[in-house]
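Just below is one structure, and these are the notes that go with it.
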There are 2 protein chains.
Amino acid sequence: MTERKRIRKSPAVRRDEIRGAARAIALEQGLSAVTQRAVAERVGIVPGLVTHYVDRMELLVAEIFREIAREELEQVRGEVAGAGGDVDRVLVLLRELIGDYRRDVALVWVDGWSLSRRNDDLAAVLTEEARAWEEFVAAVLADGHRAEALHAPDALALARFVVGATDGLSAQAAVWAGYEAETLGTVVRTVAGLLRIPREELTLRGY
Amino acid sequence: MTERKRIRKSPAVRRDEIRGAARAIALEQGLSAVTQRAVAERVGIVPGLVTHYVDRMELLVAEIFREIAREELEQVRGEVAGAGGDVDRVLVLLRELIGDYRRDVALVWVDGWSLSRRNDDLAAVLTEEARAWEEFVAAVLADGHRAEALHAPDALALARFVVGATDGLSAQAAVWAGYEAETLGTVVRTVAGLLRIPREELTLRGY
DNA sequence: CGACTTATTGATCGTTCGGTCAATAACTAC
DNA sequence: GTAGTTATTGACCGAACGATCAATAAGTCG
């Protein structure tokens, strides 16, 4: 019925199609749904062709995870860079992490944590990306500290706390969504207090 | 070689053996390793016998998760109940959640989050147990608030924050262990600040 | 001791997974 | 137009999953 002529494409294009399909599946149905057959069907090719372009499926999953994590980090990085002062940068960061968090991406992180026990490639990528996040947040905090807009003597330790806490909170929100809004305020106030950001800075911004 | 006489046991005993094996596997190798065959081999029976006692495997996984989560909650509940004052109860709670957290249990929670997308029974249990945790933490905070030992006007919102944050932090620690100790101090100080517990209360306890 | 209940086995089914390979046909280049 | 390169197919493996069911034997009870 739906038998059509086989279309021959350049390896580069095919590779992109496969990675694109894998990425979409990961975001829509989770990392563990990224299977040879699922990717093949989405691209409209035969399963065997996927492995022809992908050494091992485990590796593809790991690379797709990296792609998604990097994308998110760069997006937040952009938002934060666009913010005005040092305090604003921190507040924008928190809003991005909690308020405007992306449910699909949060679920991919959860999958990553769970799968990394059996997928070594994924485990390696996971720690890399987590480190990248920590360093980014630490840099934002350190900048604010240098500018004396906030108090963050040990920026890295604080960053780890912020990243860990927000990860957990977005994971929660992702699974039983419902109270992101009320949580955002609590998180912002908490971290702001930790950073000794003056209370009036928050109130005049509506937190 | 290892063929031995078949041993016939009472349904109750067999059921316990199966649940025990499933629990051990979940803690040692993760929730997704709780399979018909793995459980059967561990008990020393044939795979078919497992399903004979267990309706559906998905349900067994969900029930095992509940067992593990409840166990942990009750253990922490006990520790907290044994603590002296209201402030101490909160500090003990945090120590249990972050410092003395159980790596295997934290990983089971991560697995649960990830698997619950495809296992509805598990998803239901997961939300139940998460609610139980929230309510427990909220109760501890509310008690402290009533006793005027700390400031927690909206105990449930705060509890959700604490649970979410500690979940994320223990998940992190579970995967790339290494900085639990330094994290504990940060978390304790953060939450203590949020609860407006006087600083001297912490210093004289060594935080 | 013999009969009955049922816990237990062993065999089997259908599905999905990752991975391999010869055969084929679509483009390219001469 | 024709030959050659190779992207693509289709047909396979073996392994692991959940699940079902008749046949069997262990323990119990009269």
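Given the structure is predicted, the values throughout are model-derived calculations rather than measurements. In what follows, chains carry the letters A, B, and so on, assigned in the order in which the sequence lines appear, proteins first and then strands, with residues in each chain numbered from 1.
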Any donor and acceptor pair, going by atom type alone, linking the side chain of Ser114(B) with main-chain N or O of Asp111(B) inside 3.5 Å?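 Looks like no, no N/O pair under 3.5 Å.
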With no hydrogens and no angle check, is any side-chain donor or acceptor of Asn119(A) less than 3.5 Å from a backbone partner on Glu58(A)?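 Indeed, once roles are kept as given, a pair shorter than 3.5 Å links the two residues.
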Thr35(B) has a side chain; which of dC17(D), dT8(C), dT24(C) sits nearest to it?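 Shortest atom-to-atom distance from the side chain points to dC17(D).
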Nearest-neighbour nucleotide for the Arg37(B) side chain, dG18(C), dA26(D), dA19(D) considered: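 The listed nucleotide nearest to Arg37(B)'s side chain is dA19(D).
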Val54(A) vs Pro11(B), nearer the 5' end of DNA chain C by closest nucleotide: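 Nearer the 5' end of the strand: Pro11(B).
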Salt bridge check: are [X] and [Y] linked by an N-O gap of less than 4.0 Å?
| X | Y | result |
| --- | --- | --- |
| Glu79(A) | Arg95(A) | no |
| Glu63(A) | Arg66(A) | no |
| Glu134(B) | Arg131(B) | yes |
| Arg205(A) | Asp88(A) | yes |
| Arg19(A) | Glu67(A) | yes |

Length of the line joining [X]:[atom1] and [N]:[atom2], which is rounded to integer Å:
| X | N | atom1 | atom2 | value |
| --- | --- | --- | --- | --- |
| His52(B) | dT9(C) | NE2 | P | 11 Å |
| Asp55(A) | dG19(C) | CG | P | 9 Å |
| Arg118(A) | dG18(C) | CZ | C1' | 15 Å |
| Ile7(B) | dT28(D) | CD1 | P | 14 Å |
| Gln36(A) | dT20(C) | CD | P | 10 Å |
| Asp16(A) | dA7(D) | CG | P | 15 Å |

Where along residues 39-50 of chain A does a heavy atom fall under 4.0 Å from DNA chain D?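 Residues of residues 39-50 of chain A under 4.0 Å from DNA chain D: Ile45(A), Val46(A), Leu49(A).
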Report yes if a side-chain nitrogen or oxygen of Arg8(A) is closer than 4.0 Å to either non-bridging phosphate oxygen (OP1 or OP2) of dT6(D); otherwise report no.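 Answer no for this pair, as no side-chain N or O of Arg8(A) is under 4.0 Å from OP1 or OP2.
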Side-chain N or O of Tyr53(A) less than 4.0 angstrom from OP1 or OP2 on dT8(D)?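 Yes.
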Pair of N/O donor and acceptor under 3.5 Å linking dG18(C) base with Arg56(A) side chain: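 Looking at the base of dG18(C), it does not pair with any donor or acceptor on the side chain of Arg56(A) (distance under 3.5 Å).
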I'd like to know if Arg6(A) reaches the base of dT8(D) with its side chain such that a donor and an acceptor end up less than 3.5 angstrom apart.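 Checked by distance alone, the answer is yes.
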Report yes or no: do Ser32(B) and Arg118(A) form a side-chain donor-acceptor pair below 3.5 Å?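 Looking only at side-chain atoms, Arg118(A) and Ser32(B) do form a donor-acceptor pair, the distance falling under 3.5 Å.
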Identify whether any heavy atom of Arg14(B) sits under 4.0 Å from a base atom; if not, whether one sits that close to sugar-phosphate; answer base, sugar-phosphate or nothing.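 The residue Arg14(B) makes sugar-phosphate contact but no base contact.
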Heavy atoms only, 4.0 Å cut-off, all strands: where does Thr51(B) land among base, sugar-phosphate and nothing?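 Thr51(B): base contact, heavy atoms under 4.0 Å.
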Using 0.5 Å steps for rounding, measure from the CG atom of Leu49(B) to the CD atom of Gln36(B).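 CD of Gln36(B) is found 10.0 Å from CG of Leu49(B).
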Pull out every residue in residues 18-33 of chain A that has a heavy atom closer than 4.0 Å to any atom of DNA chain C, ordered by number, or say none.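 By residue number: none to list.
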